[in-house]
Each structure stands twice: as structure tokens, then as C-alpha cells.
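Remember, predicted model here, so these are calculated numbers, not experimental data. Counting from 1, the numbers follow the sequence of the chain as shown. Whatever order the structure lists ligands and atoms in, that order sets their numbers, starting from 1.
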Amino acid sequence: MSLLVVGSVAYDGITTPHGKCDRVLGGAGTYVSLAASFFTSVSLVGVVGEDFAPEDEAVLKEHDIDLTGLERAEGKTFYWAGEYSQNMNERETIVTELNVFETFDPKVPDSYRDTPYLFLANIHPALQRRVYQQTTGPRFVGGDTMNFWIEGTLDELKETIRDWDFILINDGEARQLSGEYNLRRAAKVIQDLGPQTVVIKRGEYGAILFRPEGHFIAPGFLLESVFDPTGAGDCFAGGFMGYLTAEGVTDLGQATHPQLRQAMIYGSVMGSFCCEQFGVGRLRTLKRDDIDERFEEFRRFTEF
Ligand code: AMP
């Protein structure tokens with residue numbers, strides 16, 4: 001089974017109470033693909049600029065991510081900079097430079113057009129939709145978005161998510177998109193926009209899965225120290241979607257409760273690893289055994 005991912009491939013500037021780094025490999029497409037690659041084979045559609053370094057491409061290749069759909073264009077790679085509050089629960093975006101994404105016209109390689117598994121990671125909703133439209137046949141499709149697009153491209157975003165089976169979104173953005181503060185009500189409003197499965201991510205507090213028939217709450221894994229939460233939401237998405245792809249789930253409505261719950265826990269596990277080092281650092285050394293060990297630890301901490 002193979003998962004097709006579209007999303008930003010970026011250079012990030014990150015400031016946390018633990019330190020600062022600039023122009024490190026990041027981007028929602030990068031984090032989702034790396035996290036999902038521990039569960040299934042992945043191909044990535046996106047664009048980078050002339051400044052994209054071979055050693056950063058090598059990080060993706062080391063994880064066997066198929067880069068046929070990763071274009072290299074004239075100009076600079078997408079750049080994003082953010083700064084975290086002292087307790088790291090809030091983040092302020094300092095810079096978003098779309099650069100090569102501004103004129104990007106995504107092309108899904110022919111060999112991936114009939115993929116049943118599609119994850120539309122955070123990027124302009126019109127690009128997400130164009131990728132969706134190039135795929136054919138029955139699709140299990142979902143994605144992510146963020147305040148930048150909710151504020152700037154709301155109508156396009158609503159048109160895009162109408163086709164999605166599921167959406168992953170953080171709590172602040174779920175409130176913003178729905179106009180409801182209460183998360184149960186917010187999820188209901190978002191379900192009415194299209195995706196019947198809504199996963200609301202709550203940072204260190206975990207995530208909630210909402211389905212028409214009920215909801216499931218997954219806690220966050222309690223880390224001793226959080227170094228850099230950048231990409232944790234995307235790694236959650238990669239674990240969630242990667243696991244469901246590997247399970248061969250092609251219709252979320254038919255997924256069993258244990259499958260959905262385990263997907264949520266794998267999402268939480270991947271999000272927690274991501275926070276342990278700056279940028280994609282921890283994903284570079286991570287092994288599948290580490291993931292399964294933490295999954296079992298999760299079970300011990302939450303079972304009653
Ligand atoms: P997360 O911490 O899960 O929200 O994801 C952080 C990643 O999202 C960073 O690596 C950024 O490069 C990327 N990012 C930030 N803003 C945007 C945006 N407007 N569109 C797409 N990707 C973005």
C-alpha cells in the first residue's frame with residue numbers, strides 16, 4: 001500500500017525556550033511523509049527551490065520517500081519562521097514566505113493517479129484540491145489546514161474539504177473554522193462542511209476523534225522535556241494516516257473501532273517523538289521498534 005502526500009516542503013526558523021535554529025528542513029509535507037514512512041511507502045508531491053540542499057533531500061530519500069512528484073523550481077524554497085511561548089503551548093508565526101509555492105502547479109505522477117490513499121497536508125487549499133482532482137477512482141482522502149488559510153482563503157478551503165473523508169485540525173483552528181468554542185459543537189459544524197471524521201488535535205493534551213456515532217479521546221504522551229513542538233501535528237497526521245494505509249482501510253466508515261483508536265494512538269506516539277529534538281532531528285534516528293514500544297507504554301498508562 002502506498003500513500004500519496006502533498007504539502008509544504010520548507011525551510012523553517014524556529015525559536016523555543018531551549019534555543020534557536022534557522023533554515024532547517026521542515027514543512028507539513030515533509031513531517032507527514034517522514035512520520036508515515038514508518039508504516040507504509042510514501043510518495044510526496046510538492047516543490048522546492050534552487051536553494052534546497054542535497055543533504056535535506058537525502059533525509060527524505062533515507063526514508064524511501066518517492067520524490068518523483070517533488071519538483072525543483074526557480075526561486076527559493078517555502079520559508080516559515082515561528083516562535084514559541086515560554087510554556088510552548090502557544091506559537092506565533094513570524095514569517096511565511098510562500099516563494100516557489102506561489103506559482104506551483106502540482107502534477108501527480110501518472111503512476112500515483114489511482115492511489116486510494118491521499119493525504120493533503122497543510123498548503124494552499126487550491127493546491128490541495130488540484131492534487132485531489134488529478135487522482136481517480138475510490139479514494140480515502142483527508143487533510144490538514146491552519147489559521148493562515150482559514151483567515152486568507154476560507155471559501156476555497158470550504159470547497160476543498162467538502163470532498164474529504166477526514167480532517168485533522170488543531171483546537172484553535174477548529175474553533176476559528178466553525179465559529180464554535182465548544183469542541184463537540186465545533187466538530188459537528190465541521191462535519192456539516194464535509195468530512196465525517198474530524199480529529200481535533202490539542203497539543204500536549206492529545207487529540208479527539210469525532211465520528212457521527214461518537215467520539216474517542218487520546219491523551220498526549222507525557223514527555224519529560226519538550227524541545228520543539230514544530231511538526232508534531234503533522235507527525236500525528238503521518239502516524240494516523242500511515243497506520244490506516246498499512247491496515248488497508250479504504251473506507252473510514254467501515255474501519256473498526258480498534259483500528260480508529262490505534263490510528264489515534266500511533267498519531268499521538270509520532271507527535272510525541274517529533275517534540276524530542278529540533279526540527280526533524282528525532283525522526284532521523286527513530287526506529288519502528290521505538291514506536292511500538294511507546295505504543296505499548298501508552299496502553300499501560302491509559303488502560304483501566
Ligand atoms: P505544525 O507544527 O504541525 O503546525 O507544522 C509546522 C510546519 O508547517 C512547519 O514545518 C512549517 O514549515 C509548515 N507551515 C507553516 N505555515 C504553513 C502554511 N501556511 N502552509 C503550509 N505549511 C506551513
Side-chain angles (χ1 to χ4, degrees), residues 5-16 21-36 44-49 52 56 59-60 76-85 88-102 104 106 119-128 131 143-154 156-157 160 167-174 176 199-204 207 220 226-241 267-268 270-283:
V5 175
V6 62
S8 56
V9 178
Y11 279 134
D12 287 347
I14 305 164
T15 307
T16 81
C21 58
D22 197 24
R23 302 193 62 74
V24 294
L25 176 63
T30 303
Y31 280 107
V32 172
S33 300
L34 287 172
L44 175 60
V45 170
V47 63
V48 293
F52 196 67
D56 291 319
V59 174
L60 298 167
K76 284 167 75 178
T77 300
F78 179 103
Y79 178 75
W80 173 83
E83 186 168 343
Y84 289 86
S85 60
M88 277 192 279
N89 280 330
E90 273 124 54
R91 175 173 84 187
E92 195 190 341
T93 290
I94 312 291
V95 187
T96 303
E97 287 173 8
L98 296 178
N99 297 331
V100 286
F101 266 104
E102 223 152 344
F104 178 52
F119 189 82
L120 304 160
N122 189 16
I123 196 59
H124 194 303
L127 293 181
Q128 293 176 318
V131 168
D144 197 349
T145 193
M146 74 184 285
N147 51 3
F148 187 84
W149 307 113
I150 298 172
E151 283 153 26
T153 58
L154 184 62
E156 279 176 292
L157 180 65
T160 296
I167 185 169
L168 288 140
I169 190 164
N170 78 26
D171 44 6
E173 287 150 3
Q176 199 179 8
V199 177
I200 299 186
K201 298 172 287 181
R202 304 175 65 221
E204 66 170 313
V226 172
F227 219 74
D228 170 18
T230 308
D234 302 318
C235 285
F236 184 102
F240 179 86
M241 185 73 184
S268 254
M270 296 310 293
S272 72
F273 279 120
C274 180
C275 297
E276 291 182 347
Q277 287 179 21
F278 261 116
V280 300
R282 184 65 181 100
L283 299 173

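Ligand 1 places these atoms under 4.0 Å from at least one heavy atom of A10: 12 (O). Proximity to G26 (heavy-atom distance under 4.0 Å) selects the following atoms of ligand 1: 10 (O). Distances below 4.0 Å separate heavy atoms of F148 from the following atoms of ligand 1: 19 (N). For ligand 1, the atoms closer than 4.0 angstrom to any heavy atom of G233 are 3 (O). Distances below 4.0 Å separate heavy atoms of G27 from the following atoms of ligand 1: 9 (C), 10 (O), 12 (O).
Ring geometry for F227 versus F278: interplanar angle over 60°, hence perpendicular rather than tilted (30 to 60°). In this pair, F101 and F104 present their aromatic rings perpendicular. The plane angle is above 60°, beyond the 30 to 60° band.
Scanning all protein heavy atoms for the shortest distance to atom 5 (O) of ligand 1 gives D234 OD2, 2.7 Å. Here the heavy atom of the protein found nearest to atom 20 (N) of ligand 1 is W149 NE1, 3.2 Å. Atom 22 (N) of ligand 1 has its closest protein heavy atom at S8 OG, 2.8 Å. Atom 21 (C) of ligand 1 has its closest protein heavy atom at N122 O, 3.1 Å. Looking at atom 15 (C) of ligand 1, its nearest protein heavy atom turns out to be W80 CD1, 3.3 Å.
For the ligand labelled ligand 1, residue F236 lies outside the 4.0 Å heavy-atom shell. Using a non-hydrogen distance threshold of 4.0 Å, Y11 does not register as a contact of ligand 1. Using a 4.0 Å heavy-atom cutoff, R91 is listed among the residues neighbouring ligand 1. Y31 counts as a contact of ligand 1, since one of its heavy atoms falls under 4.0 Å from the ligand.
Nearest heavy atoms, V48 versus V100: C-CG2, 3.9 Å. Between G238 and A35, the shortest heavy-atom contact is CA-CB, 3.9 Å. Minimum interatomic distance between Q277 and D228 (heavy atoms only, all atoms of both residues): O-CB, 3.8 Å.
Side-chain atoms of L168 and K201, non-hydrogen and from C-beta on, do get closer than 4.5 Å to each other. When side chains are defined from C-beta on, Y79 counts as touching R23, because their heavy atoms get closer than 4.5 Å.
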Determine, stepwise, if the pair V280 / Y31 fulfils side-chain contact (heavy atoms from CB on, under 4.5 Å). CA-CA 7 Å; V280 300; Y31 280 107; 3.6 Å; yes
Evaluate side-chain contact (heavy atoms from CB on, under 4.5 Å) for Q176 paired with N147, printing each intermediate quantity in order. CA-CA 8 Å; Q176 199 179 8; N147 51 3; 3.3 Å; yes
For side-chain contact (heavy atoms from CB on, under 4.5 Å), just list the numbers for Y84 and T15, CA-CA rounded to whole Å, side-chain angles, deciding distance to a tenth of an Å, and then say yes or no. CA-CA 6 Å; Y84 289 86; T15 307; over 6 Å; no
Between F119 and D234, is a side-chain contact (heavy atoms from CB on, under 4.5 Å) present by the stated rule, with each step listed? CA-CA 11 Å; F119 189 82; D234 302 318; over 6 Å; no
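Within the 4.0 Å heavy-atom criterion, the part of M146 lying near ligand 1 is the side chain and not the backbone.
Relative to atom 10 (O) of ligand 1, the option among T145, N147, D12 with the closest non-hydrogen atom is D12.
Of the polar atoms of G231, at least one N or O is found under 3.5 Å from an N or O of ligand 1, judged by distance alone.
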